[in-house]
Amino acid sequence: MSLMEMKQGVIEAQGLVKQFGDVIAVNNISLSIRQGELFGLLGPNGSGKTTMIKLLTGQLRPTAGSATVLGLDVKKDPVGVRERVGIIPEQETPPSFLTATEYLDFVGEVRHIPDVLKKADWWFDYLDFNDKRDVLCKDLSRGTRQKLMFTQAFIHKPTLALIDEPLINFDPIMQRKVKDYLTEYVRCGNTIFISTHILEIAEEICSGFAILHKGTLLHTGTVAELKERDQHLDDFFLSLVEKGTHG
Amino acid sequence: MVKLFVNMMKEEWRVHSTMFGSLSFALFPVMILGIAFMGSFLLPLFRAVVPPGYLAIIIHTIFLLLGIMVGGFGLLGMEVMNRRFGQASLLSYSARSLPISEREIFCTFVVKDTVYYLILWVVPFVAGFAIASPFISVPLSLPLLLLLTLTLAFLTGLALIFFLSTVYSRSKQAFAVLFVIMLMGWAGLYLYTGISTAALFLPLQLFYAFSYATFLAACAVVIIPSAIAVVLFTSEYTDTTKRFKNAIAPLTKKLSFFPYPPLAAKDLIDLFRSGSFIGQTLFSFFIPLGLLWFLLSVLARFIPPGDVLLLFAILTGVIASTMYTWLTMFDTFSSYTCLPVSVPVLLKSKMCSFAVLQVIPATFIVLVSIASGGVAYLVPAFVLCLSVSFYALSVTVWLTGLSPSVLVYDAKVLLLYLVSVGIALLALIALAFVNPYYAIGSVLLFLPAWLLVKASFTKWDMQDQPVF
Ligand SMILES: Nc1ncnc2c1ncn2[C@@H]1O[C@H](COP(=O)(O)OP(=O)(O)O)[C@@H](O)[C@H]1O
Ligand SMILES: [Mg+2]
């Protein structure tokens, strides 16, 4: 982590806009996320969370605005950004005809990770899917595919991970494990950016949060702040969204 | 069933129109109509050169071929395979959660595909001809008859491939036996009775002389194989516990001479595990080329056999260029969105894998040259085939990037493709007919191909990749 990155924030977005035809999915969003945060991007379905993550990881080109991630301009160097961060997309899409092991090996080759299979072993144990390692991805259940995607995002130990709806396909035991992992991961000085429409998750593990509604940023703040005011995130969220709809 | 059908149609429309823009998509049949309309005016010209019966053979064979290609592409390819993946979000897949049998979904799916392509290809073609018919003094009954016979020709192709592919997925041995029997039956019939293949092609006979008996027989040829296919259909969810050894590591090492070894390794694994290597080679390469050979052998009465070989080499090149779709079919960009892989890198890697696959057409054209007694033309045929293939590939990549299936649906893209490839083909055909050895000059096509590919890298890097 360079000095510049620390001062600048790990993610810096300036007036990001993404338009699909006449739908403005992301409307003039500026964000700054510092190192060590577990940041939650919250909002109802269709509010632009996925689009925002895709913009920040160079999967989509912004219609207007700019963003830097780990000091790299996502427009100029999207591959450089993806090299450094870990990403879990909204829909688990490991390649159908590779086995779980093969997929991780493939990721290791593409990302030039030394001893990737040894690292994979740890993950097969930790997320408890050892018995599925030689099964083709197309034949895995959604939960197992999500475990695989989770492994893929963290196997190279990125300093920043962006996760779209992290817990959506996991059972409660797995959810606990994943939440613990994420909290521990930021405690070691890394940064995590998650999107979710499930508010309890945000309330439980996030430090900072932003609320998105119909592509517009309604609020940014810290969970600690809310707790001080003795306000539940969902009450706050609903009141904001309501205002957003009527105002 | 009806409701499922309607929803599937809607879904198909929605998928394609969001993929390619609804205007471009809606214009597709209009364009086919336009081509048929304008083509009709060339009819008197054709008649002067080719007897009318032959023209009918050509058009009917083209629609038979179309049925086979659509069948190979639709059934074996994208969608049914998609259902086997477990990750496709198409209705045909999600319907698994509804109280409908697999077989019912499959049937509806096939009916939908058929209706869809009939509307997209067959109906506009005949309509174009019908509109032109008063101007070229053809009675209106002819296009009406043509609508019937072309539909049947199309369905015959579809039913044939549907039948063969179901047998294939049931048992490879049974398929091989069936295939050999059909081939031997065909050859035997021809050799011992002298009945030409055209006589067996009932839609064509129906066009020559309409009779209810022929009509019923032609329908039977469509219905019986389809019915057998439906009965034989199995949903292949049984071997979900199949396990595989890690093939990425050894393959990546073996393929280290590739620019991107892991990507090449993945292409290879996809090709073999999806069954598309053998399946596609058979259904999208050998069967269409077999039919084309038959089509050209009809022409052999009008042009010298050497020229027929060169023409065949050109067409083989065009078909060989579609091998690019084999590589992209199971590999949407969404698998790479979380990895540091750019679109140009992926395109480059796919093109390298494509180059390796070209061993198939290269060997094929050499064998055909030798077998057809055209050894003297072997070198020009070989060069023509590969130059055309790489040139057509470059046009495909430039127009469609990583989603070549766009070609089949987007009018603007298809038109651009037809023009860019068509002009080059016509020039090559002219060149080859003047002197077969001039055809070697087709290597020059590598120059525009190279420029197009370079331009594609910039073009597709600048665009958001569609995620299906
Ligand atoms: N590729 C796309 N083409 C057109 N519209 C899109 C595309 N991706 C997202 N949208 C639209 O943008 C809006 C935001 O979508 P998304 O970012 O997926 O929201 P969220 O993840 O918060 O549910 C939605 O209205 C969605 O329909
Ligand atoms: Mg989303």
Side-chain angles (χ1 to χ4, degrees), chain A residues 18 20-21 50 54-55 57-62 77-112 116-117 120 131-142 145 149 152-153 156 162 164, chain B residues 18 21 81-89 236-237 239-253 255 260-276 329-345 461-465 467-468:
Chain A
K18 182 66 191 181
F20 297 108
T50 298
K54 286 186 172 171
L55 288 172
T57 49
Q59 298 176 46
L60 291 175
R61 303 191 146 257
D77 191 7
V79 173
V81 170
R82 289 207 290 274
E83 222 161 79
R84 264 158 242 212
V85 304
I87 305 168
I88 307 181
E90 183 172 34
Q91 253 146 2
E92 3 69 43
T93 48
S96 308
F97 292 103
L98 297 187
T99 64
T101 307
E102 283 175 335
Y103 178 50
L104 293 176
D105 202 7
F106 175 73
V107 170
E109 292 281 354
V110 173
R111 287 192 179 277
H112 309 291
V116 69
L117 291 179
D131 54 329
K132 296 290 188 298
R133 53 203 296 164
D134 296 326
V135 175
L136 295 186
C137 293
K138 74 180 175 77
D139 298 330
L140 296 175
S141 68
R142 304 197 69 165
R145 271 189 248 156
M149 292 312 283
Q152 157 287 131
H156 57 300
L162 297 101
D164 203 350
Chain B
T18 48
M81 280 302 190
N82 244 349
R83 304 188 332 95
R84 293 176 188 171
F85 286 13
Q87 64 160 247
S89 54
E236 291 185 2
Y237 301 119
D239 36 286
T240 43
T241 47
K242 220 170 177 177
R243 279 157 202 277
F244 293 88
K245 267 223 206 73
N246 184 352
I248 279 279
L251 271 176
T252 306
K253 269 202 204 85
L255 299 175
Y260 308 102
L263 301 187
K266 180 176 178 301
D267 279 347
L268 209 63
I269 293 176
D270 280 347
L271 267 179
F272 279 93
R273 291 213 184 132
S274 62
S276 59
M329 187 176 277
F330 299 112
D331 204 32
T332 57
F333 191 69
S334 53
S335 307
Y336 299 93
T337 48
C338 43
L339 294 173
V341 178
S342 68
V343 175
V345 161
D461 200 24
M462 295 304 292
Q463 284 185 25
D464 292 338
Q465 287 303 306
V467 178
F468 308 124

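What you see below is based on every heavy atom in this structure, not just the backbone, and it leaves out hydrogens, waters and symmetry mates.
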Part of A/Leu117 lying under 4.5 Å from any heavy atom of chain B: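 For A/Leu117, the side chain is the part near chain B, not the backbone.
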Proximal component of A/Thr57, with respect to chain B [non-hydrogen, under 4.5 Å]: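 Neither; nothing under 4.5 Å.
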Nearest heavy-atom neighbours spanning [X] and [Y]:
{"X": "B/Ile269", "Y": "A/Glu102", "result": "CD1-OE2, 4.3 Å"}
{"X": "A/Asp105", "Y": "B/Ile248", "result": "OD2-CG2, 3.7 Å"}
{"X": "A/Asp131", "Y": "B/Arg243", "result": "O-NH1, 2.7 Å"}
{"X": "B/Pro262", "Y": "A/Phe106", "result": "O-CE1, 3.4 Å"}
{"X": "A/Arg61", "Y": "B/Met462", "result": "CD-O, 3.1 Å"}

Most chain B-contacting option - heavy-atom pairs closer than 4.5 Å, from A/Asp134, A/Ile87, A/Leu162: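 Of A/Asp134, A/Ile87, A/Leu162, A/Asp134 has the most heavy-atom pairs under 4.5 Å with chain B.
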Using 0.5 Å steps for rounding, measure from the [atom1] atom of [X] to the [atom2] atom of [Y].
{"X": "B/Thr337", "Y": "A/Arg82", "atom1": "OG1", "atom2": "CZ", "answer": "7.5 Å"}
{"X": "B/Ser335", "Y": "A/Tyr103", "atom1": "OG", "atom2": "OH", "answer": "7.0 Å"}
{"X": "A/Leu98", "Y": "B/Arg273", "atom1": "CG", "atom2": "CZ", "answer": "6.5 Å"}

B/Lys266 and A/Val110: CA distance, side-chain angles, deciding distance, side-chain contact (heavy atoms from CB on, under 4.5 Å) verdict: CA-CA 11 Å; B/Lys266 180 176 178 301; A/Val110 173; over 6 Å; no
Chain A contact via B/Ala247 - which portion, at a heavy-atom distance below 4.5 Å: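 Its backbone and side chain both get close to chain A.
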Chain A contact via B/Ser342 - which portion, at a heavy-atom distance below 4.5 Å: both
Pairing residues for A/Arg111 by the salt bridge (Lys or Arg N to Asp or Glu O under 4.0 Å) criterion, not counting sequence neighbours: none
Contacts of A/Asp164 that satisfy salt bridge (Lys or Arg N to Asp or Glu O under 4.0 Å) - sequence neighbours left out: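 Once residues adjacent in sequence are excluded, A/Asp164 has no partner under the salt bridge (Lys or Arg N to Asp or Glu O under 4.0 Å) criterion.
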B/Asn246 side chain near A/Thr99 side chain, heavy-atom distance below 4.5 Å: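 With C-beta onward as the side chain, the pair stays apart.
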